[in-house]
Amino acid sequence: MKPQNDTGFSEFLLLGLAKEQELQPLIFGIFLSMYLITVLGNLLIILAVSSDPHLHTPMYFFLSNLSFVDICFTSTTVPKMLQNIQTHSKAITYAGCITQMYFFILFAAMDIFLLAVMAIDRYVAICHPLHYTVIMNPRLCGLLVLGSWALSALNSLIENLLILRLSFCEDLEISHFFCDFNKVLQLACSDTFLNDVVKYSVVVVMGGGPFIGILYSYSKIVSSIRAISSAQGKYKAFSTCASHLSVVSLFFCTSIGVYLSSAMTQSSQSNAIASVMYTVVTPMLNPFIYSLRNKDIKRALRSFIGRKTP
């Protein structure tokens with residue numbers, strides 16, 4: 001295929017999850033419902049944490065940041081897909097695609113960093129409880145979140161600047177419901193060796209690093225819990241990190257599963273459907289996981305809703 005001039009095209013085509021037109025209203029309804037639940041659920045977590053002084057602790061500070069990132073993460077992809085279904089269009093502008101990729105990579109990296117930071121917080125709380133307030137002070141918590149934002153933004157900027165140097169072929173169809181970085185890279189006609197090197201380096205450093213940190217934290221947590229003599233003490237210690245462990249398992253298992261399935265199968269539609277798990281379903285389930293098993297969150301939500309209800 002002939003490469004296009006930088007000014008020779010102005011948009012990509014997002015093929016979506018299904019080609020059948022009769023399925024589009026059903027897909028629209030399902031994704032609109034999931035998006036609204038995601039925004040409402042995570043927004044309630046943020047409001048509950050901010051309105052209850054008892055929840056002004058490092059754990060809930062990180063949780064409210066995670067909820068904010070989950071709202072933004074879902075908002076980078078779902079609204080555009082809903083708009084395309086509603087307008088019977090598959091187009092996304094070149095600038096819109098680059099912008100969507102930038103924020104998608106940014107918030108995906110933030111999710112990973114925040115999950116790692118929350119694991120460290122649980123490690124300090126369980127393994128060093130007497131020094132918890134000294135170690136996890138407000139300044140350190142702020143620096144951890146600020147550093148996560150800075151690294152995520154820098155990584156996303158570098159990867160997108162490398163995309164801008166590429167020229168693209170005449171086939172501009174993306175077999176996905178959003179501008180997936182790998183799918184866009186496959187459409188390039190120019191050499192993508194540098195992009196591939198940076199992409200795999202980022203996966204190893206910014207994906208593997210936090211994942212190893214999470215595994216290390218929980219190995220120490222398990223060792224500390226096993227050393228507790230009473231069954232009630234073990235249950236209490238484990239319950240403080242059970243919700244976070246569930247979210248970590250859900251996020252990493254679904255994202256790893258998607259990339260393994262994409263490597264094993266050539267079905268683009270199957271890969272797009274599998275991507276729904278970590279891009280839409282996981283952010284939707286996070287508020288339920290944290291609120292259903294957490295008495296403090298449930299109490300804060302009841303208090304917040306009670307104040308707003310006459």
Using atom types as modelled, flag every donor-acceptor pair under 3.5 Å from a side chain in residues 98-111 to any protein atom, sequence neighbours excluded.
{"from": "T99", "atom 1": "OG1", "to": "A95", "atom 2": "O", "distance (Å)": "2.8"}
{"from": "Q100", "atom 1": "OE1", "to": "C179", "atom 2": "N", "distance (Å)": "2.7"}
{"from": "Q100", "atom 1": "NE2", "to": "T76", "atom 2": "O", "distance (Å)": "2.8"}

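Both M34 and L43 are members of a single hydrophobic cluster when ILVMFWY side chains are connected at heavy-atom separations under 4.5 Å. Taken together through direct or relayed side-chain contacts under 4.5 Å among Ile, Leu, Val, Met, Phe, Trp and Tyr, L17 and L15 form parts of separate hydrophobic clusters. Hydrophobic clustering of Ile, Leu, Val, Met, Phe, Trp and Tyr side chains at less than 4.5 Å, counting indirect connections, keeps F211 apart from M206. Cluster annotation: L154 is not connected to F181 through the hydrophobic network of ILVMFWY side chains, with a link wherever side-chain heavy atoms come within less than 4.5 Å. Taken together through direct or relayed side-chain contacts under 4.5 Å among Ile, Leu, Val, Met, Phe, Trp and Tyr, V202 and L185 form parts of separate hydrophobic clusters.
Within the 3.5 Å criterion, the main-chain N or O of F61 finds a donor-acceptor partner in the side chain of N65. Listed for the N42 side chain is a donor-acceptor partner under 3.5 Å among the backbone atoms of T38. Counting only distance, with no hydrogens or angles, the side chain of T93 and the backbone of G96 share a donor-acceptor pair below 3.5 Å. The closest donor-acceptor contact from the side chain of S224 to the backbone of I126 lies at 3.5 Å or more, if one exists at all. Using a distance-only test at 3.5 Å, with no hydrogens or angles considered, a donor-acceptor pair links the side chain of N137 to the main chain of I135.
The shortest heavy-atom contact between I27 and I85 is CG2-CD1, 3.9 Å. A pairwise comparison of heavy atoms in H176 and D180 identifies CD2-CB, 3.7 Å as the closest pair. Of all the heavy atoms in L166 and D191, the pair that sits closest is CD2-O, 3.6 Å. Heavy-atom minimum distance, S148 versus S152: O-OG, 2.7 Å. Here the shortest heavy-atom pairing between I46 and S64 reads CG1-O, 3.7 Å. V184 and F168 get closest at one heavy-atom pair: O-CE2, 3.4 Å.
Every side chain to side chain contact (heavy atoms under 4.5 Å, CB included) that Q186 has, sequence neighbours left out, goes to K183. Every residue meeting the side chain to side chain donor-acceptor pair (under 3.5 Å) condition with Y60, not counting sequence neighbours, appears here in chain and number order: N294, D296. Applying the side chain to side chain donor-acceptor pair (under 3.5 Å) criterion to N155, with sequence neighbours excluded, gives no partner residue.
Under the 30°/60° scheme for interplanar angles, the aromatic rings of Y278 and F73 are found to be tilted.
A 4.5 Å side-chain heavy-atom check between F251 and I112 finds at least one atom pair inside the cut-off.
Evaluation of the disulfide bond (SG atoms under 2.5 Å apart) test over residues 58-93, restricted to residues two or more places apart or in two chains, returns none. Judged as a side-chain hydrogen bond (donor to acceptor under 3.5 Å, both in side chains), the pairs with a partner in residues 199-220 (not counting sequence neighbours) are, in order, N182-K199, Y218-H244.
Counting heavy-atom neighbours within 6.0 Å of F252 CZ, excluding the residue itself, gives a total above 12.
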Where do V49 and I297 land on the side chain to side chain contact (heavy atoms under 4.5 Å, CB included) test, with the steps shown first? CA-CA 8 Å; V49 171; I297 289 290; 4.2 Å; yes

